[in-house]
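Numbered from 1 within each chain, the chains take letters A, B, ... in sequence-line order. These values consider heavy atoms only, across backbone and side chains, with no hydrogens, waters or symmetry-generated copies.
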2 protein chains.
Amino acid sequence: MAAQRGRATGRPPTMKDVAALAGVGLATVSRVINGTPVDPVLTAQVTEAAKQLGYRHDPTASSLRRSDRRTRTVGLILEDVANPFSSLLHRAVEDVTSELGLLLLAGSSDEDPERERSLLGAFHARRVDGLIVVPTGQVNDELQAVRRQGMPIVCVDRAAELDGVDTVTVDNAGGVGDAVRRLHALGHREIAFLGDQVSLWTAQRRWEGFVATMAALACPLREGWVRRDLHGEAAGERAAREVLTGDTLPTALVTSQNLLTIGARYALQDLGLQHTVAHVGFDDFELANLLSPPLSVIAQDPKALGRRASELLLSRLDGYEGPERHVVLPTRYVARGSGEITRPRPGRGDTAR
Amino acid sequence: MAAQRGRATGRPPTMKDVAALAGVGLATVSRVINGTPVDPVLTAQVTEAAKQLGYRHDPTASSLRRSDRRTRTVGLILEDVANPFSSLLHRAVEDVTSELGLLLLAGSSDEDPERERSLLGAFHARRVDGLIVVPTGQVNDELQAVRRQGMPIVCVDRAAELDGVDTVTVDNAGGVGDAVRRLHALGHREIAFLGDQVSLWTAQRRWEGFVATMAALACPLREGWVRRDLHGEAAGERAAREVLTGDTLPTALVTSQNLLTIGARYALQDLGLQHTVAHVGFDDFELANLLSPPLSVIAQDPKALGRRASELLLSRLDGYEGPERHVVLPTRYVARGSGEITRPRPGRGDTAR
DNA sequence: CTGAAAGCGCTTACAG
DNA sequence: CTGAAAGCGCTTACAG
């Protein structure tokens, strides 16, 4: 009678249905599905029955009972899934996790601690196997608590001093320092700096790289040429415009973030200074090469960040229990033109206005 | 004795732990957590116990037993989470789903039916509440099968003729037609066309818009000026270069996809023709305005696509059982300069080479 | 309103 | 190797 059942009506077929049709016990079906050795004949019966019913294994029900509780999902907390940096990182993570059949739950924190906390809670509650997060830096206590409960966590793009939490970052200070040195070698001494919100870990590191290198090169920092804590393209444009229409003009400009770079470039072009004032931005752009002059950048490799972060996470999933690891990836200066503008002859005087 | 238990050692606290600490039945805890009316005193006890233990509700275990089987997750199949169009769409979907506490499982099909099938299977097996997919068009049978099993599905960016599947697309043909008409109004008659892989639904629609409008305007199509089935930036550049170095040159160029537009623009700039040959691309770019001349585009609104798709999905989750809906969003022509180059005087003869 | 019991789809000791 | 039974964390009829 039980074996008579066959294909059920509405609901999707379950292991019980498969067992009934194959004429074996429920446990045997489970074993076949999970690859535990089973008599070839029974295996064939089960496989056939499963195919016939269109059986789909339910990984969440499975995870509930398994001893390791693995859900085969990974949580990813990005700043914004839509920004190019985040989305490239996202893709790199997907490339390595999908290879293993892991699914990705992704969300955007928007730099908002409350949102980060909420995503963290939701992913934790769903028992993802691990977490890759670009931390705002203000939710570290909660991250630590979740980590202590056994959830592997890797922080990426921004460091975090948390027990058992691996990090993958970029040499932000080194990248900016390198750019400043190159500008210096081209004669530049009057270098302006546009910086992102100071609460961001990366903004802090980039600023430190600027200050340290300028000091090492004995270049004075002029107050009006340093604009920090800027958020977004419009702020970048405004700040650049102010810097570039002041009493004395800098001969070079370093913009330490994506949107600030775009904003500054608008200002430069609007003032007709794009061929006069050297400009280097942090982070690369798709179309940087099509601009005139092409934009020189301190490029980071979001794909490499994502890949390394995933690898660190996977090693934890594979049982690595050692101390936290801190990977620092290099940046790469891409000379395209805007950063190779030499310093105009001194004595020519102020040009703007 | 049971109430004595209190906080367990290693594992995260469960409803049972909360019930024990609060001195109530398991069901009561469940009711409090789910907001079913419960005596205020008991409610307080449960809330307190939950807080004290740091209890986290497990939504997946919950979904297993609930009558509606809701997992509170939505699956999203994009072409590539890293491409700007997809990631903006992704963000728009996140904005509406996160509002409702739904989590997003996202994946990239890479235009590969096998990958789409695999993601579809994985999401289905995980019993997501619904699916938003940018379909390759070659997995429609499987999509239909999943839909018939009760899973709400919305296709976005590309239409699909499937029972009970809503779609949100853009007026691709209309957008291209509009651009062609504008070029025609500026005197252009010799208009070249670069098209994406012909297997893509959007490529097909854009091509149809081009052909139909050219015919309506009595502009002949010259064989050498039509290049279709191109994939990626390099192919676009190559094709554009060939078109622009032929015996007779077109006076305007329509490129019907993102990467083709970039590739073509490289070719134009390399040949020094960017101020001579009019150029309109399909889909907008972040930096289009910084180019010289700025790039005119047929813009679509990926955020609107994502938002509408989410809304349609949510209405299905809310119980809408009516016939499938097909939303078509308009495109918007953005005149920036490259598309406003007028046709050079006839009789000036061929300029290039 | 409340609690004990059954059961969601599965895995895993536990006996045979 | 195989199957019946217990149980993962929860919800939901079912009686009280």
K.L.:
Can you check the A:Arg69 CZ to D:dG9 C1' distance for me, whole Å?
P.N.:
7 Å

K.L.:
Out of C:dG9, D:dC10, C:dT2, which has the shortest distance to the side chain of B:Thr14?
P.N.:
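Nearest listed nucleotide: D:dC10.
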
K.L.:
Just how far, in rounded Å, is P of D:dC8 from CZ of A:Arg127?
P.N.:
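Answer to the nearest Å: 13 Å.
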
K.L.:
In B/S/- notation, 5' to 3', how is nucleotides 11-16 of chain D contacted by protein heavy atoms closer than 4.0 Å?
P.N.:
BBB---

K.L.:
Whether B:Arg316 and B:Asp166 form a salt bridge (side-chain N of Lys/Arg under 4.0 Å from carboxylate O of Asp/Glu) is what I want to check.
P.N.:
yes

K.L.:
Going by atom types only, do A:Ser87 and A:Arg91 share a side-chain donor-acceptor pair under 3.5 Å?
P.N.:
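A:Arg91 and A:Ser87 do not have a side-chain donor-acceptor pair below 3.5 Å.
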
K.L.:
Do B:Ser108 and B:Glu79 have a side chain donor and acceptor closer than 3.5 Å?
P.N.:
no

K.L.:
Provide the Watson-Crick or G-U wobble partner of D:dA4, both distances under 3.5 Å; none if there is no partner.
P.N.:
none

K.L.:
Does the salt bridge (charged side-chain N to carboxylate O under 4.0 Å, His left out) test come out yes or no for A:Asp58 and B:Arg69, once each step is laid out?
P.N.:
CA-CA 12 Å; A:Asp58 184 336; B:Arg69 293 296 259 110; 3.8 Å; yes

K.L.:
Any carboxylate oxygen within less than 4.0 angstrom of a Lys/Arg side-chain nitrogen, looking at A:Arg148 and A:Asp163?
P.N.:
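Yes, charged N to carboxylate O under 4.0 Å.
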
K.L.:
In whole angstrom, what separates B:Leu42's CG from C:dC1's P?
P.N.:
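Rounding to the nearest Å, CG of B:Leu42 and P of C:dC1 are 12 Å apart.
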
K.L.:
Calculate the interatomic distance between B:Leu64 atom CG and D:dG7 atom C1'; express it in whole Å.
P.N.:
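Interatomic distance, CG of B:Leu64 to C1' of D:dG7: 12 Å.
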
K.L.:
Of B:Glu324, B:Arg158, B:His326, B:Arg325, which is the lone residue that meets side chain to side chain contact (heavy atoms under 4.5 Å, CB included) with B:Thr167?
P.N.:
B:His326

K.L.:
Round to the nearest Å and state the distance from A:Lys16 atom NZ to D:dA6 atom P.
P.N.:
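Answer to the nearest Å: 15 Å.
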
K.L.:
Please compare B:Pro40 and A:Asp58 by the position of their nearest nucleotide in DNA chain C and report the one closer to 5'.
P.N.:
B:Pro40

K.L.:
Would you mind reading off the distance between B:Gln45 atom CD and C:dG3 atom C1', rounded to a whole angstrom?
P.N.:
14 Å

K.L.:
Does A:Thr28 make a side-chain N or O approach to OP1 or OP2 of D:dG3 shorter than 4.0 Å?
P.N.:
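It does, given that an N or O in the side chain of A:Thr28 lies less than 4.0 Å from OP1 or OP2 of D:dG3.
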
K.L.:
Might you work through the side-chain hydrogen bond (donor to acceptor under 3.5 Å, both in side chains) test for A:Asp80 and A:Ser86, ending with a clear yes or no?
P.N.:
CA-CA 6 Å; A:Asp80 177 1; A:Ser86 297; over 6 Å; no

K.L.:
Counting Watson-Crick and G-U wobble pairs only, both distances under 3.5 Å, name the nucleotide matched with C:dA13, or none.
P.N.:
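Looking at the geometry, C:dA13 pairs with no nucleotide.
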
